[in-house]
Amino acid sequence: MIAFVSGQVAALAPTTAVIQVGGVGMALQCTPATIAGLRIGEDARLATSLVVREDSLTLYGFADDDERQVFELLQTASGVGPRLAQAMLGVHSPDALRLAVSTGDEKALTAVPGIGKKGAQKLLLELKDKLGTPLGSSGLVGAQRVAAGPAPWTEQLTAALIGLGYASREAEEAVGAVTPQAEAALAETGAAPVPQLLRAALQTLNRAR
């Protein structure tokens, strides 16, 4: 097992980071939030999980060991593969997922693309005793912090676009362009789908160039 990858960030894409390790570029599948924390040319250390299939080897990268552990635990539920597990972490932080499961929050899970009402109910049952309690919950203040989940979607999206090489002004304009889409999703599901918003923002930027 490859526990982590450490080296210089060679390239970034919306869902992929290439880390140079010993002269070899290793491509890691990452969430937009993880991508947002990376910068080309700077050193980075990402926890990893290797998914082996008959026809492929895919390396997933994470901001820390906790995120990787949750990624692997999510896949112990029936019907959850690495792509859906990563999508869940793309919408919610590890602690936000723990909170959703521990409180039976179907709405939080259906905010993840690919998870419907029945799927959410099934996941809540299967994951109830696996994810544990939120690590950051300590009294009311901790609960409030966990409930907040990841950074606001606008910050995640802006940081991801800047990390991909766009200027701050371009990133802010692209975020503004997809704001109606984000607000509609927030009203319907209570969460902004950052991966989809990132793709929409990139399409906006490509049309503008």
Side-chain angles (χ1 to χ4, degrees), residues 1 3-4 15 17 28-38 45-51 58-157 159-160 182 185-198:
M1 176 183 174
F4 68 89
T15 59
L28 287 75
Q29 300 297 309
C30 306
T31 65
T34 298
I35 294 290
L38 304 176
R45 181 186 185 281
L46 296 178
T48 58
S49 179
L50 180 64
V51 176
T58 306
L59 196 60
Y60 289 82
F62 309 93
D64 53 40
D65 293 336
D66 181 46
E67 190 176 40
R68 175 184 60 195
Q69 182 181 26
V70 171
F71 170 79
E72 293 174 347
L73 286 172
L74 290 172
Q75 293 176 72
T76 62
S78 58
V80 178
R83 289 186 179 180
L84 183 55
Q86 189 180 46
M88 293 173 75
L89 286 166
V91 175
H92 299 294
S93 69
D95 262 2
L97 282 172
R98 290 189 182 98
L99 184 67
V101 171
S102 64
T103 59
D105 188 351
E106 287 181 22
K107 192 173 182 180
L109 294 187
T110 55
V112 178
I115 299 180
K117 183 177 178 64
K118 290 184 178 179
Q121 293 172 343
K122 186 177 180 181
L123 285 173
L124 289 173
L125 287 174
E126 292 193 31
L127 296 172
K128 186 175 182 180
D129 299 321
K130 295 181 179 180
L131 294 186
T133 57
L135 300 181
S137 60
S138 177
L140 181 59
V141 173
Q144 290 174 336
R145 182 172 64 250
V146 172
W153 71 269
T154 53
E155 294 179 13
Q156 287 189 38
L157 198 54
L186 283 167
E188 183 178 349
T189 67
V194 176
Q196 288 89 330
L197 291 172
L198 179 56

State, with a plain yes or no, whether a side-chain heavy atom of [X] is found less than 4.5 Å away from one of [Y].
X: V51; Y: Q29; value: no
X: C30; Y: L46; value: yes
X: L84; Y: V112; value: yes
X: P94; Y: L131; value: no
X: Q121; Y: L124; value: no
X: V70; Y: H92; value: no

Quick check: closest heavy atoms across [X] and [Y], and the distance to 0.1 Å?
X: R98; Y: G132; value: CB-O, 3.7 Å
X: E72; Y: S49; value: OE2-OG, 3.0 Å
X: A77; Y: L123; value: CB-CD2, 3.7 Å
X: D65; Y: A47; value: OD1-CB, 3.4 Å
X: L73; Y: L127; value: O-CD2, 4.0 Å

Test side-chain contact (heavy atoms from CB on, under 4.5 Å) applied to [X] - qualifying residues, sequence neighbours left out:
X: P32; value: V194, P195, L198
X: L197; value: W153, L157, V178, Q181, A182, A192, P193
X: S102; value: L99, P134
X: A100; value: D105, A108

| Distance from I115 atom CD1 to T110 atom OG1, nearest 0.5 Å? |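 One gets 8.5 Å once the value is rounded to the nearest 0.5 Å.
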Could you list the residues that satisfy side-chain hydrogen bond (donor to acceptor under 3.5 Å, both in side chains) with [X], not counting sequence neighbours?
X: T76; value: K130
X: K117; value: E106
X: D64; value: none

| said: Going by ring pair (Phe, Tyr, Trp, His ring centres under 6.0 Å), name the pairs with one or both residues in residues 69-90, residues two or more places apart or in two chains. | reply: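 Residue pairs with at least one partner in residues 69-90: Y60-F71, F62-F71.
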| task | Among E126, Q86, Q69, M88, find the residue that satisfies the side chain to side chain contact (heavy atoms under 4.5 Å, CB included) test when tested with L74. | result |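 So the option named by the test is M88.
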